[in-house]
Amino acid sequence: MTANDANSIRVRFAPSPTGYLHIGGARTVLFNWLVARRASGTFVLRIEDTDRTRHIEDSVQKICDDLRWLGLDWDEGPEVGGDVGPYFQSERLAIYNEHLQRLLESGDAYYAFETPAELDAMREAAKTAKSNISYARPDPLPTVEEGVAAKAAGTKVVVRFKMPGTDITVVDDILGEVTLAADQLEDFIIQKGDGFPTYHFACVADDALMKITHVLRGQEHLMNTPKHVAMQRALGFDTPHYAHMPVIFNMDGSKMSKRDKEKAIKRGEAPPEIDVHDFRLAGYLPEAVLNFIALLGWSPGEDRERFALDEMTSLFSIERVGKTNAKFDRDKLVAFNTDWATRASSERLLAAFKDYLSVNESSLCGADDAALARALKASEGFRTFPDVVKKTGFLFKADDAIAYDAKAVKKVLAKNDGAGYAMLEHLLPKLEALPDFSADAIEALLAATCEEREAKLGQVAQPIRVAITGSTVSPSIHESLEWLGKGATLARIGRCLAHRG
RNA sequence: GCCCCCAUCGUCUAGUGGCCUAGGAUACCGGCUUUUCAUGCCGGCGACAGGGGUUCGAGUCCCCUUGGGGGUGCCA
C-alpha cells in the first residue's frame, strides 16, 4: 500500500501564520504526524492565512523551521508541494468562490448586509434578552441579486451559511457522540467583507478537497464542528473522522500564551518557554520535548514513558488519547531532557549542542568540534545546554576575561583570613614545577598537598577552581587544569592573586 | 446567562466491575555516592472532588452537586 491509495489515511496540521509554532500546536502536529506515520498515510501541512490583519511576516518559515527541528516532516505543503495544492489558503480564493456559489445557488447560504457595529448591537440585545442566538436571520432572505448589486455598488457584504434548523450530532473518536441542539446553532459568516473565506468555510472546503480523512485538533474547536458538519452536508462532502484533543495549560491553570513572556519580563522574571523556538533557544533536546508533550494527553500504558519518535509511532493510537486537560510541568520536562542528554550518542549530542550555540549566537560557535565534544563529555549529567556553557565556558575565554564571582571569592578565597589565597600561593610554584601537566599528575600533586597540609580535597581544589573559572562550578579539577594547560592555569592563578584585597 | 466537554497523588498519568490495602513518572523530604555544580543509587510522603443510586462487589456504570475548561467573533 502506498500513501496515495484512495483509502489511505490523510491528516493535516493547519496553522495560521501568526508567529512561531506554539508548544500546544506542536503537540497537535505530533499527534497528527503519528497518526499518519503509524498508518503509512499522508501528513499535510496547510497554511491558514485568511486573516490578513493577523498575518506575521516570516511565520511560515519559522513554523517550518520549528517542525524540522522537532524532526516532524510533511508530505505535502509549503516547500514540498503536492497534488491537491495550493497549500496556502490565500491562494485558493477561486476555489472557495466556486463552492460558495454552489451554496448561494442551492439556498444554503445568503448575502447579509449588517455592519460590524450593528452585529455588536444585536449581541448586546441578545445578552439582555438572555437569548441563545444573537443573529436573527432576515425574513425574507436577501436574494442573490440584491447581494450582487450591493457588492457592485461598493457595499461591504458578507455571506452567511444557513443552518438547517436541526440538532447536529458529531461523532468524535476521543469524546464520543456530542449533540448540539438546533437552537444553539445560528447562521454564521463564511465569507468576510474583504472577500476572504472565514476559517469555518476554508477549513471545510480544504479538508474535503485535500481528501483529509482524520481531523485531530484542539478541544477549543469542538463547538465549531457541528457547523462544519452542516456545511459538509450542504456541499455534498464526506465528514472526516474528528478527534478533539485536550488542551494544555500553565501550572497555575492559565492559558499558555505568548504574552506570558512579556508579563514575566515586566515582573523582572525569566520569560517562560512558550513557543517551540523558545525551547530550542533554552537548550532542550527536541527528542525530550517530543517525548514530554506526547505524554500530555496520551499514554501507551504499561508504565512506559520514555520513547523516541519511532517507538511512539508504533505505540500511538487515538483510542488512547485522554479527555482531560493537562498542565505543562517544566520540572518534568527538565528531567526528561536530562535523561535524553545522558542517553544520547556523542555525535547526536554534539550536533544538538552546536545547534543550540548557533541559534543563540554564542561566542562558543567558533570552537572546534573536538573541544565542544570534550566540553559535553566533561559536563555529563547536565540538564540543559546552558549548564554545559556554565560549566565549561571558562575554557573558551581569554585569561583576562575571567570575571570573579563575589560570593565565590568570599566563600572560597577570602574566608578564614584568606586561607584560599594562601593555598593558591602554596600551590603556584608546585604547579609551575610540574613537568607533566596531565590530569593524573595534577591529581597526584593535589593528593600529596592534601596529605601534607592535612586538608580535604575541597580546600585545595576549590581555590584553584575559583582562580581559573571565577566561579565554584567546573568539571573535575584535574580535567579542568589539564585542559586549560599549564600556561593559562599559572596565568589565571597569578591574576587571581593579584586581584586580592 | 445559555450550550458543550472534563474530573485518580502538587503535576503528567496507569486503571475499561473483583488482579486496587490504587501502579509508574516527576516534584518534594530523608539517606548514600561525590573535589564544585550536576548526575546516579536507596528509602519515604502523597490521590480515586462530594452526595446519592445500580450491583454479591464501584476508582471503574447511572444521577445530582461542586470544581475546572471550552464555545457563544467579518480570530483561527
Side-chain angles (χ1 to χ4, degrees), chain A residues 14-16 18 48-51 53-54 112 114-116 119-120 123 126-134 156-160 170 172 174-176 178-181 183-186 188-194 196-200 202-203 217-224 226 244 246-247 249 251 253 255 292 295-306 322-336 338-339 341-342 379-383 387-388 390-391 408 412 443 446 450 456-462 464-466 469 471-478 480:
Chain A
S16 50
T18 55
E48 307 219 326
D49 53 352
T50 55
D51 185 354
T53 63
R54 292 215 312 164
E114 295 81 6
T115 63
L119 292 174
D120 282 345
R123 269 188 284 273
K127 212 173 172 183
T128 50
K130 295 188 175 177
S131 162
N132 298 338
I133 297 226
S134 69
K156 293 252 181 193
V157 299
V158 302
V159 177
R160 278 187 189 259
V170 173
D172 187 283
I174 294 172
L175 268 10
V178 179
T179 300
L180 227 70
D183 66 5
Q184 295 293 325
L185 296 161
E186 63 181 4
F188 56 96
I189 294 173
I190 56 178
Q191 188 184 53
K192 307 182 232 181
D194 64 3
F196 276 73
T198 58
Y199 159 74
H200 301 297
C203 172
R217 49 170 37 161
Q219 235 170 58
E220 66 270 19
H221 287 294
L222 183 60
M223 293 297 100
N224 293 153
H244 289 90
V247 185
F249 294 99
M251 284 303 273
K255 255 188 193 168
F292 177 73
L295 261 7
L296 262 22
W298 173 75
S299 159
E302 296 175 353
D303 294 339
R304 290 194 63 177
E305 77 169 1
R306 307 296 167 104
K323 306 175 181 181
T324 325
N325 293 161
K327 288 177 182 164
F328 195 94
D329 183 357
R330 287 186 175 70
D331 288 337
K332 185 158 179 174
L333 205 213
V334 171
F336 270 49
T338 306
D339 191 44
T342 305
S379 303
E380 274 177 0
F382 71 90
R383 297 167 80 74
D387 291 349
V388 179
K390 204 179 298 169
K391 197 165 192 172
V412 177
E443 181 169 10
L446 297 191
C450 283
K456 291 192 171 181
L457 191 45
Q459 293 171 268
V460 180
Q462 282 302 76
I464 304 176
R465 191 159 356 239
V466 173
T469 71
S471 77
T472 54
V473 179
S474 87
S476 96
I477 198 68
H478 318 125
S480 295

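By convention in this document, chain letters (A, B, ...) are assigned in the order of the sequence lines, proteins followed by strands, and residues within each chain are numbered from 1. Computed from heavy atoms alone, side chains included, the values below leave out hydrogens, waters and symmetry copies.
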| field | Closest heavy-atom pair and its distance - I174(A), K323(A) | value | O-CE, 3.4 Å

| Rounded distance in Å between the P positions of U65(B) and C3(B) | 12 Å

| request: Select base, sugar-phosphate, or nothing to describe what P475(A) touches, counting heavy atoms under 4.0 Å on all strands. | output: base

| remark: From CD1 of I464(A) across to P of U36(B) the rounded distance in Å is 14 Å

| said: For a quick test of reading the model, state the closest non-hydrogen atom pair linking V460(A) to C450(A) and the distance between them. | reply: CG2-SG, 3.7 Å

| At under 4.0 Å between heavy atoms, what does T472(A) touch on the DNA or RNA strands: base, sugar-phosphate, or nothing? | base

| Is G73(B) paired to anything, Watson-Crick or G-U wobble with both distances less than 3.5 Å, and if yes, which nucleotide? | none

| said: If I pick the C1' atom on A58(B) and the same atom on G52(B), what distance separates them, to the nearest angstrom? | reply: 14 Å

| message | Return whichever of F328(A) or R465(A) has its heavy-atom-nearest nucleotide of RNA chain B closer to the 5' end. | response | F328(A)

| remark: If pairing means Watson-Crick or G-U wobble with both distances under 3.5 Å, then the partner of U34(B) is none

| field | Charged tip of R306(A) within 45° of F336(A) ring normal and under 6.0 Å | value | yes

| note | Between CZ of F382(A) and C1' of G40(B) the distance, given in whole Å, is 16 Å

| C41(B) and G24(B), which share atom name P, separated by this distance in whole Å | 15 Å

| salt bridge (charged side-chain N to carboxylate O under 4.0 Å, His left out) against K332(A), all qualifying residues, sequence neighbours excluded | E305(A)

| field | K192(A) side chain vs T50(A) backbone, donor-acceptor pair below 3.5 Å | value | yes

| What integer number of Å spans the P atoms of C9(B) and C48(B)? | 7 Å

| said: Suppose you measure atom P in C20(B) against the same atom in C64(B); what distance do you get, rounded to whole Å? | reply: 32 Å

| query | Just by modelled atom types, is the I189(A) backbone N or O under 3.5 Å from a matching donor or acceptor in the T198(A) side chain? | reply | yes

| field | Pair T18(A), R54(A): side-chain N/O donor-acceptor within cut-off below 3.5 Å | value | no

| said: Can you work out whether E302(A) or L457(A) has the more 5'-proximal nearest nucleotide on RNA chain B? | reply: E302(A)

| query | With both distances under 3.5 Å as the test, what is the Watson-Crick or G-U wobble partner of C61(B)? | reply | G53(B)

Provide a list of protein-nucleic acid N or O atom pairs under 3.5 angstrom, restricted to nucleotides 42-47 of chain B.
none

| field | Spacing of K390(A) atom NZ relative to U39(B) atom P, expressed in whole Å | value | 12 Å

| query | What's the closest nucleotide to the T338(A) side chain, out of U39(B), U8(B), G1(B)? | reply | U39(B)

| message | I'd like the P distance from C63(B) over to C28(B), given in whole Å. | response | 41 Å

| Would you say the side-chain atoms of T469(A) pair up with the backbone N or O of S471(A), donor to acceptor, closer than 3.5 Å? | yes

| Protein-nucleotide distance (K127(A), atom NZ; G1(B), atom P), rounded to Å | 11 Å

| Gap between atoms NE2 and C1', on H478(A) and U34(B) respectively (whole Å) | 12 Å

| query | If the P atom of U11(B) is compared with that of G71(B), how far apart are they to the nearest Å? | reply | 23 Å

| Between atom CH2 in W298(A) and atom P in A14(B), what is the gap in whole Å? | 11 Å

| said: At 4.0 Å (heavy atoms only), tell me whether S474(A) reaches a base, stays on the sugar-phosphate, or touches nothing. | reply: base

| task | Verify, without hydrogens or angle tests, whether Q459(A) (side chain) and K456(A) (backbone) share a donor-acceptor contact under 3.5 angstrom. | result | yes

| message | Tell me whether D172(A) contacts the main-chain N or O of H244(A) through its side chain, where contact means a donor paired with an acceptor under 3.5 Å. | response | yes

| request: Sequence neighbours left out, what passes salt bridge (charged side-chain N to carboxylate O under 4.0 Å, His left out) with D331(A)? Give chain and number order. | output: none

| request: Quickly work out the E380(A) CD to C37(B) P distance and round it to whole Å. | output: 18 Å

| For Y199(A), which residues count as a ring pair (Phe, Tyr, Trp, His ring centres under 6.0 Å) partner, sequence neighbours excluded? | H221(A), H228(A)

| field | Heavy-atom protein contacts under 4.0 Å, nucleotides 69-75 of chain B, coded B base, S sugar-phosphate only, - none | value | SBS-SBB

| said: On the side chain of K391(A), is there an atom forming a donor-acceptor pair with the base of C37(B) - under 3.5 Å, no angle test? | reply: yes

| message | Base, sugar-phosphate or nothing for G297(A)? Non-hydrogen atoms, less than 4.0 Å. | response | sugar-phosphate

| note | Pairing partner of A25(B), by Watson-Crick or G-U wobble and under 3.5 Å for both distances, is U11(B)

| query | Given that both distances must come in under 3.5 Å, which nucleotide forms a Watson-Crick or G-U wobble pair with G46(B)? | reply | none

| field | Shortest non-hydrogen contact from F382(A) toward D387(A) | value | CB-CB, 3.8 Å

| said: What is the distance, to the nearest angstrom, from the CZ atom on F292(A) to the P atom on U11(B)? | reply: 13 Å

| Which nucleotides of nucleotides 18-31 of chain B have their base under 4.0 Å from a protein heavy atom (B), which only their sugar-phosphate (S), and which neither (-), written as one string 5' to 3'? | -----BBBSS----

| Picking from U13(B), U35(B), A7(B), which would you name as closest to the side chain of S476(A)? | U35(B)

| Distance, P atom - from U60(B) to G69(B), rounded to whole angstrom | 24 Å

| field | Main-chain N/O of P475(A) paired to S480(A) side chain as donor or acceptor, under 3.5 Å | value | yes

